[in-house]
Structures are given as C-alpha cells and as structure tokens.
Amino acid sequence: MHLADLIIHVNETLAASERTALEDVLRQSNGVVAPRFNKETPHLLLVAYNPEQIDSHKLLHQVKAGGYTAQLLGM
C-alpha cells in the first residue's frame, strides 16, 4: 500500500470537539489512514491516505460538506 500526505487548511476556528468530530468523519472513509489536526496550528489538518482508494479532492469535499471553508495546501 502506498500512502500520501495531504494538508487541508480549515478557515474556521474549531473547538477541540469539532476537530475530533471532523477527524472521525474522515477516518471512516475508505483509504484514510490517519487524519489529525496539528496542535500547534489548529487550522491545519494533516491526512495520511491511500491515493489508490481516495483522492485529495474527495477529502476536501468531505470537509466542505461539513459546512467548513477549506482549501488544499501544497506539499
């Protein structure tokens, strides 16, 4: 299995419970291995995923579907 990393910038300031809930939603997606917000920079969501099962645009769409304004950051 090949893994890739992706950073999603979430514009809104989320409470810890909201960040955990968003991580849980992404974690349930096929191919997502480890979604986690950075404690030092809580607007940044790092997602380790298998690009053979899901792509970055679908992950971004899932974040936006939660009502958040977000964009992909290059790595």
Side-chain angles (χ1 to χ4, degrees):
M1 170 172 58
H2 172 72
L3 293 181
D5 289 320
L6 163 71
I7 297 176
I8 298 174
H9 179 269
V10 179
N11 294 2
E12 292 81 8
T13 299
L14 305 180
S17 61
E18 293 172 305
R19 291 191 305 268
T20 299
L22 186 52
E23 289 170 346
D24 290 343
V25 165
L26 293 176
R27 193 173 285 113
Q28 293 180 25
S29 299
N30 240 2
V32 173
V33 177
R36 61 199 172 280
F37 276 93
N38 185 318
K39 292 179 184 178
E40 309 274 320
T41 52
H43 288 276
L44 300 181
L45 173 60
L46 178 63
V47 183
Y49 68 101
N50 181 344
E52 294 174 3
Q53 293 182 300
I54 193 165
D55 66 49
S56 60
H57 296 287
K58 287 182 183 175
L59 292 167
L60 178 62
H61 176 74
Q62 287 183 310
V63 172
K64 288 182 172 185
Y68 304 111
T69 305
Q71 52 275 343
L72 299 174
L73 297 182
M75 289 187 67

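Residue indices begin at 1 and follow the sequence shown. All of these numbers come straight from a predicted model, not from anything done at the bench.
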Q | NZ on Lys64 to OG1 on Thr69, rounded to 0.5 Å | A | 8.0 Å
**Q.** Minimum side-chain heavy-atom gap Gln71-Asn11 below 4.5 Å
**A.** yes
Q | Val10 with Val25, same ILVMFWY side-chain cluster at under 4.5 Å | A | no
Q) With sequence neighbours excluded, what pairs up with Asp55 under the side chain to side chain contact (heavy atoms under 4.5 Å, CB included) test? A) His57, Lys58
Q) Nearest heavy-atom pair of Phe37 and Pro42: which atoms, and what distance? A) CD2-O, 3.1 Å
(Q) Please give me the minimum heavy-atom distance between Pro35 and Leu45, naming the atom from each residue. (A) C-CD1, 4.3 Å
**Q.** Flag side-chain contact, heavy atom, 4.5 Å: Ile8 against Leu72
**A.** yes
Q. To the nearest 0.5 Å, what is the distance between CD (Glu52) and CG (Asn30)?
A. 12.5 Å
Q) Roughly how far apart are His43 NE2 and Leu14 CG, rounded to 0.5 Å? A) 7.5 Å
Q: Quick one: closest heavy-atom pair of Asp5 and Tyr49, and the distance?
A: C-CE2, 4.2 Å
**Q.** Crowding at NE2, His9 (>12 non-hydrogen neighbours, <6.0 Å)
**A.** yes
Q: Find out whether Leu59 and Val32 are in side-chain contact, i.e. whether some heavy atom of one side chain is under 4.5 Å from a heavy atom of the other.
A: yes
Q.
Less than 4.5 Å apart, side chain to side chain, heavy atoms only: is that true for Gln62 and Val47?
A. no
Q | Check against side-chain contact (heavy atoms from CB on, under 4.5 Å), Leu26 and Val63 | A | CA-CA 8 Å; Leu26 293 176; Val63 172; 4.2 Å; yes
(Q) Listing request: all salt bridge (Lys or Arg N to Asp or Glu O under 4.0 Å) pairs with a residue in residues 29-45, at least two apart in sequence or in separate chains. (A) none
Q: Taking all heavy atoms of Ile54 and all of Ser29, pick out the closest pair and write down the distance.
A: CD1-CB, 4.0 Å
Q) Where is the tightest heavy-atom contact between Glu12 and Gly67, given as atom of each residue plus distance? A) OE2-O, 4.3 Å
